[in-house]
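For the numbers below, each heavy atom of this structure counts, side chains included, while hydrogens, waters and symmetry mates do not. Order of the sequence lines sets the chain letters (A, B, ...), proteins ahead of strands, with each chain counted from 1.
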Number of protein chains: 2
Amino acid sequence: MGEFLTEPKQTPTLGRRGPAGPPGRSRPVPRRATPSDGHEATAILDRARDVVDPELRRAVDSLPGAMRRIARYHFGWEHADGTPANGNAGKAIRPALVLTAVRALGGREAVAVGAAAAVELVHNFTLLHDDVMDRDATRRHRPTVWTVFGDADAILAGDALQALALRMLAEDRHPAAAAAAARLAACVVELCAGQHADTAMERSDPDEVTLDDVLDMAEAKTGALLGCACAVGALYAGADDEDVEALDAFGREAGLAFQLIDDVIGIWGDPGRTGKPAGADLMARKKSLPVVAALASGTPAAADLAELYRGPYREGELERTVLAVEQAGGRDWAQQQAADRMGRAMHELSRAIPDPEAAGGLLALAEFVTRRST
Amino acid sequence: MGEFLTEPKQTPTLGRRGPAGPPGRSRPVPRRATPSDGHEATAILDRARDVVDPELRRAVDSLPGAMRRIARYHFGWEHADGTPANGNAGKAIRPALVLTAVRALGGREAVAVGAAAAVELVHNFTLLHDDVMDRDATRRHRPTVWTVFGDADAILAGDALQALALRMLAEDRHPAAAAAAARLAACVVELCAGQHADTAMERSDPDEVTLDDVLDMAEAKTGALLGCACAVGALYAGADDEDVEALDAFGREAGLAFQLIDDVIGIWGDPGRTGKPAGADLMARKKSLPVVAALASGTPAAADLAELYRGPYREGELERTVLAVEQAGGRDWAQQQAADRMGRAMHELSRAIPDPEAAGGLLALAEFVTRRST
């Protein structure tokens, strides 16, 4: 796999995602037409947060007492004692994708605000449960719900948020609501399968995990919901099946790029920006994408890394582990692979939305999530 | 509260449930017109299981690998190693209520089979999660999912079953499907609130828990889904809002009766029939309905019980605890209260379905669940 790490075109591909060839067969890739400096994405995200927040708060406030309190804490709107807080409710990437996709396909954003909130509720339900399973103690720079309220309440609040999301869509009179609900529910099943694969992989021997496994897992765990957000937006714009699927594929590929970059940040990034300590993934022996690529590289550094990963983390090993992943090409591979996935995302986007002007917002969002590494 | 224990008409009532007066003001209560010997209910349950099982299996088999395997184990269709099993998938009371309510209101059962399966999926999702939270090791005479597959997989399989249920309704073309989905999702939120109240109560001092608290909790945790099952059936029969609500209230009251009897069985019942060891609820210091009624009785036995409940269970205390609940009137109260709730259930049923012949099936099911004590 030495060559493969410097030659992303030869990387194994996700079975479900079709041919791995470079994008842009027929139409120019919009990226080149509209380079974005990140301000556009930030503006879109801020606007999405402003538009969706009232709907989200209304939905959460409809929950009965205890569930409401836990959810409000999770979203950063309240402290654990119930006093108001001005916390970080996340970057609203998924609602922004829903709303931007609706507009990009000629629909009216206003009709999809509830759907955008529903997608965000599903995202937050998975965070609540994942934190319980992964024993993650910090989320958005605050103690996670299970550490404050206990496992049972974190599980229940997550269950309630899933139900709330699907209830919102069931009560939505828009003609696309039922299809959106079916898609979102199917996505939840995929998210569960992805999280299952993730936890199963963590228990496996380093040699047992293949790059295909970990790419499949990342697609299910991260790509699926970003794809679903875009597809839901397309549905609310009244797009045809082909465009809905292209938007889903766009979101999935961008999601994989996002996860690759997130994993890179998890090893080499700035904890002040990520909210988790640098190297935590390595200390926890997490089989993140760069690590699995490094393990599969057949290099001497890979053997060193496998040896390190077979035992628990020991004080002072971090630097050596980081170096092994880097020397085995894990970092380069992940960054190349992220760029490759972005290329595919652009290609899918241009199939559904050939006009670079109309596609600009979605493009800016996709570039924003991958630019987090710089 | 001494009198209250022998005089159920004066018991505190659930705020939401309206006046506590005896049922049957205007119309004859169908119970007297069609006494049921239990065979009818058994036949209805067996038929519901036969009709719904293929739909349920189809839905579960649509899950991705690991989620499917866990769910198939939970339903008793497979052993943990994946070999076929002929386990007990439960009594199908909720699907039977859906299908029987459709027929009772003049609808066609066939259109509601998917909805009946969806309700059963939600029930099983809550069992998976409740067993994790309550650390219950046995369910339907088999080791619970979390004991076999771990907490994470039990949480994920539950999440997937909730999503599957709501996906089935979102993909259902029946005109009532959206209303049914909204109702089922709202019910999930209520179930979560009920389970939260239950776990919170278990942590409380015996003196802090009121009978109203525990009745509210039981309505949310048990009554809500039985009510929802009946209401979903009514929706699929095209019933008007008033009848849908009456059916919901019927199911809730029958559900409370069921819970009261279940709690009685949990103390005095036959573990061969319940699948849990006799007295387990008392050893776990569970604040079940008879226990809370006993604690609130103001009798000397109540003081003895409160004293016992303040400490952890000690070897040999079981007999004394059982006796204290009984002497404080907990058993009599629960049985009287169950009868009272059944009376209210019949009254609600007769409002929506005055014809005793048409109401017979629902009546038989309600009587079946409360007859479990004999």
**Study point:** Under 4.5 Å from any heavy atom of chain A - which part of V122(B)
**Key:** neither
Point to revise | Between G65(A), A66(A), A181(A), the one whose heavy-atom pairs under 4.5 Å with chain B are most numerous | key: A66(A)
Check your understanding: Hey, mind stepping through D151(B) and R135(B) against salt bridge (charged side-chain N to carboxylate O under 4.0 Å, His left out) and telling me if it holds?
Key -> CA-CA 10 Å; D151(B) 285 7; R135(B) 308 320 281 167; 3.3 Å; yes
Check your understanding: Stepwise, does the ring-ring contact (aromatic ring centres under 6.0 Å, His included) test hold for H174(A) with Y236(A)?
Key -> CA-CA 8 Å; H174(A) 192 280; Y236(A) 273 79; 4.4 Å; yes
Exercise for review: Kindly say whether E219(A) contributes a backbone atom to a donor-acceptor pair with the side chain of T222(A) at under 3.5 angstrom?
Suggested key: no
Review point. Can you find a side-chain donor-acceptor pair between Q195(B) and D159(A) that sits under 3.5 Å?
Key: no
Exercise for review: Mind ranking Q162(B), R183(B), H129(B) by heavy-atom pairs under 4.5 Å with chain A and telling me who comes out on top?
Suggested key: Q162(B)
